[in-house]
Amino acid sequence: MKIDGKSYRTIWPGADGASAVIIDQTRLPHRLETVTLRTVEDAAHAILSMQVRGAPLIGAAAAYGLAIAIQRDASDRGIDEATAFLAKQRPTAVNLRWALDEVRGAVMPLPTEERAGAAFAKAQAIAEDDVETCRSIGVHGLGLIRSIAAAKADGAPVNILTHCNAGWLACVDWGTATSPIYHAHDAGIPVHVWVGETRPRNQGAALTAFELNGHGVPHTLIADNAGGHLMQRGQVDLCIVGADRVAANGDVANKIGTYLKALAAHDTGVPFYVALPYSTIDWQLASGGDIPIEERNADEVLLMQGQLDDGAIARVALTAPGTPAANPAFDVTPARLVTGLITERGIAPANRNGLLSLYPERLEAAS
Ligand code: MRU
């Protein structure tokens, strides 16, 4: 997608063929800066500090991180250590483990001298695959938006509420929740997006609003607490959010606050869809109760980052000194509150049969 008219992805291979370059998302929307990942420590830091974030992008960054590690040490032991190191940086998004498994699967059968090249090629393939997967999610979600638009009078815009950033900045390109929105906008369907700011890190305000603006999609930023009110007033036609992990029964872990949006949508009869790629499904988990929920630093709640009048980026305290804070970063929305799952293979009900109808190759493993 575009920033200031120029096409970007969130991660790409370095010119030396041995590193990866990322957009530093901790500096957005005020600064567009890139960082080169040259070591596995660089990649781990980028994931933990959220220079890269969003489930699919965490996966792609981890894949590059492991490939970079393998250039230094291609032994089984070295690969095991690098895998464990990267895997522990963020626990909730299952794409991290998925991507590491993909790279390992590609290199472990090979002789050590062939592993580095193969790992880098696999990381690039994972990134490319994410672009196509997210594009397909958009094509399927477009039908949904189109049918809501068709039922509206006088070409009124379809009002879509989203949470956090499940946009192209959370992926390699297109996004998951935003891909149907970009496809609808590009197809000439009038859309308007309610962007929840998404405390504590404000990924909605800092990232989703930034990228929708970059693509010219009409949007309005709202405080997280405004979502339910807008739904009650009939000002939301559809909610689309992303996911960090979907259990085999359709329960959805996503950014903290998603559950409250789903409850409000359920109470007000607003359709609540979750957009996700196949790499976000955890087939090993029967339900969402066992999804590990990341507890992040309390400073993210106690402090807020922004740009000062003089242009400097600064963090300011929101509370009196000594205020205790808790910071669970994700919550689990039960499948019963989810109208449907939008994937690269189509839209299905959020339950085991719905998922298996899209991924029938999993039937054997599931039975
Ligand atoms: O903590 P983050 O910013 O990595 O969390 C990302 C999310 O929860 C997103 O909302 C998203 O749905 C998952 S990535 C498409």
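Indexing begins at 1, ligand by ligand and atom by atom, following the structure's order.
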Can a salt bridge be assigned to the pair [X] and [Y] using a cut-off of 4.0 Å between side-chain N and carboxylate O?
{"X": "Arg72", "Y": "Glu41", "value": "yes"}
{"X": "Asp173", "Y": "Arg135", "value": "no"}
{"X": "Arg90", "Y": "Asp244", "value": "no"}
{"X": "Asp224", "Y": "Arg199", "value": "no"}

Tell me which protein heavy atom sits closest to [atom], plus the residue, atom name and distance to 0.1 Å.
{"atom": "atom 14 (S) of ligand 1", "answer": "Ala55 N, 3.1 Å"}
{"atom": "atom 5 (O) of ligand 1", "answer": "Lys255 CE, 3.3 Å"}
{"atom": "atom 15 (C) of ligand 1", "answer": "Thr176 OG1, 3.4 Å"}
{"atom": "atom 7 (C) of ligand 1", "answer": "Asp244 OD1, 3.3 Å"}
{"atom": "atom 9 (C) of ligand 1", "answer": "Asn165 O, 3.4 Å"}

Donor-acceptor pair, distance only, cut-off 3.5 Å: does the side chain of Thr178 make one with the backbone of Ile181?
no

What atoms in ligand 1 come closer than 4.0 Å to a heavy atom of [X]?
{"X": "Ala166", "value": "11 (C), 12 (O), 15 (C)"}
{"X": "Gln203", "value": "1 (O), 2 (P), 3 (O)"}
{"X": "Gly242", "value": "12 (O)"}
{"X": "Arg90", "value": "1 (O), 2 (P), 4 (O)"}

Do Glu344 and Ser279 have side-chain heavy atoms sitting under 4.5 Å apart?
no

Are Met50 and ligand 1 in contact, using a heavy-atom cut-off of under 4.0 Å?
yes

Quick one: does ligand 1 sit under 4.0 Å from the side chain of [X], the backbone, both or neither, non-hydrogen atoms only?
{"X": "Arg53", "result": "both"}
{"X": "Thr258", "result": "neither"}
{"X": "Arg201", "result": "neither"}

Distance, nearest 0.5 Å, that separates CD1 of Ile47 from CD1 of Ile22:
9.0 Å

Where the closest heavy atom to [atom] is concerned, which of [options] has it?
{"atom": "atom 10 (O) of ligand 1", "options": "Pro56, Cys164, Gly59", "answer": "Cys164"}
{"atom": "atom 4 (O) of ligand 1", "options": "Ser179, Gly54, Gly175, Ala329", "answer": "Gly54"}
{"atom": "atom 11 (C) of ligand 1", "options": "Leu276, Asn254, Leu57, Thr280", "answer": "Asn254"}

Give the ring-plane orientation class for Trp174 versus His183, where under 30° counts as parallel, over 60° as perpendicular and anything between as tilted.
parallel

Give a yes or no on whether the ring-centroid distance for Tyr8 and Trp168 is below 6.0 angstrom.
no

Only residue of His163, Lys255, Lys261 satisfying side chain to side chain contact (heavy atoms under 4.5 Å, CB included) with Val241 is His163

